[in-house]
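Accompanying notes for the structure given below.
In what follows, chains carry the letters A, B, and so on, assigned in the order in which the sequence lines appear, proteins first and then strands, with residues in each chain numbered from 1.
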Amino acid sequence: MRYWLIKSEPGEFSFDDLWAAKGRRTAWDGVRNYQARNFMRDGMRVGDLVLFYHSNADPTGVVGLCEIVREAYPDPTQFEPGHPHFDPASERSSPRWMMVDVRATERLPRVVTLAELKSSPRLKSMQVVQRGSRLSVTPVTQAQWNELLRLAEGGQKGPAKRL
DNA sequence: GCCAACGTTGGC
DNA sequence: GCCAACGTTGGC
């Protein structure tokens, strides 16, 4: 089982939007970066757990938890002329862009902000925190996952309670 | 294959 | 709104 972080601008698609979606799930379409695609295609498996991060937000940070409910399959928006994510160079016989389905499982008791991630010795190594990092899909270690939940629950010492 | 130009991301 | 960082494109 692996852990991941996915980014979204709440003005485009927020955790609330996902929470309100049918089945609290959605297809994670629109990823147009090869490294992020490879993480989705080659790394993500059903049951993997995911942090949902708001970028370009106030506050910016991790707001909720999701799980992968469907593994990578072609993103149909790449074939739709006029769609913002249309890719004229992608062919149906060999789709360039993939997406997974995610389902929201928990809303965190509070937002764990980017500032907190940066100031936490155990979280400042997270890929999303690195200077210049623009990847919208990044792996998270189990230690980072555990620490983030512990912070979200109020920062008490001790093992994270089961969310 | 190099690299300048360009577009995008995203924190601030 | 600014701009640093990064990825992609395309001329050569």
**OP:** Kindly determine whether A:Arg96 and A:Asp75 satisfy salt bridge (Lys or Arg N to Asp or Glu O under 4.0 Å), including the steps that lead there.
**Re:** CA-CA 9 Å; A:Arg96 178 176 294 181; A:Asp75 178 345; over 6 Å; no
Rounded to whole Å, please give me the gap between [atom1] in [X] and [atom2] in [N].
{"X": "A:Asp87", "N": "B:dG7", "atom1": "CG", "atom2": "P", "answer": "17 Å"}
{"X": "A:Leu117", "N": "B:dC12", "atom1": "CG", "atom2": "P", "answer": "11 Å"}
{"X": "A:Gln127", "N": "C:dC6", "atom1": "CD", "atom2": "P", "answer": "12 Å"}
{"X": "A:His54", "N": "B:dG10", "atom1": "NE2", "atom2": "C1'", "answer": "14 Å"}
{"X": "A:Leu135", "N": "C:dG7", "atom1": "CG", "atom2": "P", "answer": "7 Å"}
{"X": "A:Asp58", "N": "B:dG11", "atom1": "CG", "atom2": "C1'", "answer": "12 Å"}
{"X": "A:Leu5", "N": "B:dT9", "atom1": "CG", "atom2": "P", "answer": "17 Å"}
{"X": "A:Gln130", "N": "C:dG7", "atom1": "CD", "atom2": "C1'", "answer": "18 Å"}

Tell me whether [X] is salt-bridged to [Y], with the criterion being a basic N under 4.0 Å from an acidic carboxylate O.
{"X": "A:Arg25", "Y": "A:Asp101", "result": "yes"}
{"X": "A:Arg150", "Y": "A:Glu147", "result": "yes"}
{"X": "A:Glu67", "Y": "A:Arg24", "result": "no"}

**OP:** Give me the ring orientation class for A:Phe52 and A:Trp28: parallel if the planes are under 30° apart, tilted from 30 to 60°, perpendicular past 60°.
**Re:** perpendicular
Options [options], nucleotide nearest the side-chain atoms of [X]:
{"X": "A:Leu114", "options": "B:dC12, B:dG10, C:dG7", "result": "B:dC12"}
{"X": "A:Arg134", "options": "C:dT8, C:dA4, B:dT9", "result": "B:dT9"}
{"X": "A:Lys7", "options": "C:dA4, B:dG10, C:dG7", "result": "B:dG10"}

Original post:
Taking OP1 and OP2 of B:dG11, is either one under 4.0 Å from a side-chain nitrogen or oxygen of A:Tyr53?
Top reply: yes
Original post:
Under 4.0 Å: is that the gap between some side-chain N or O of A:Arg131 and OP1 or OP2 of C:dA5?
Top reply: yes
**OP:** Map A:Asn56 and A:Gly132 onto DNA chain C by nearest heavy atom, then report which one ends up closer to the 5' terminus.
**Re:** A:Asn56
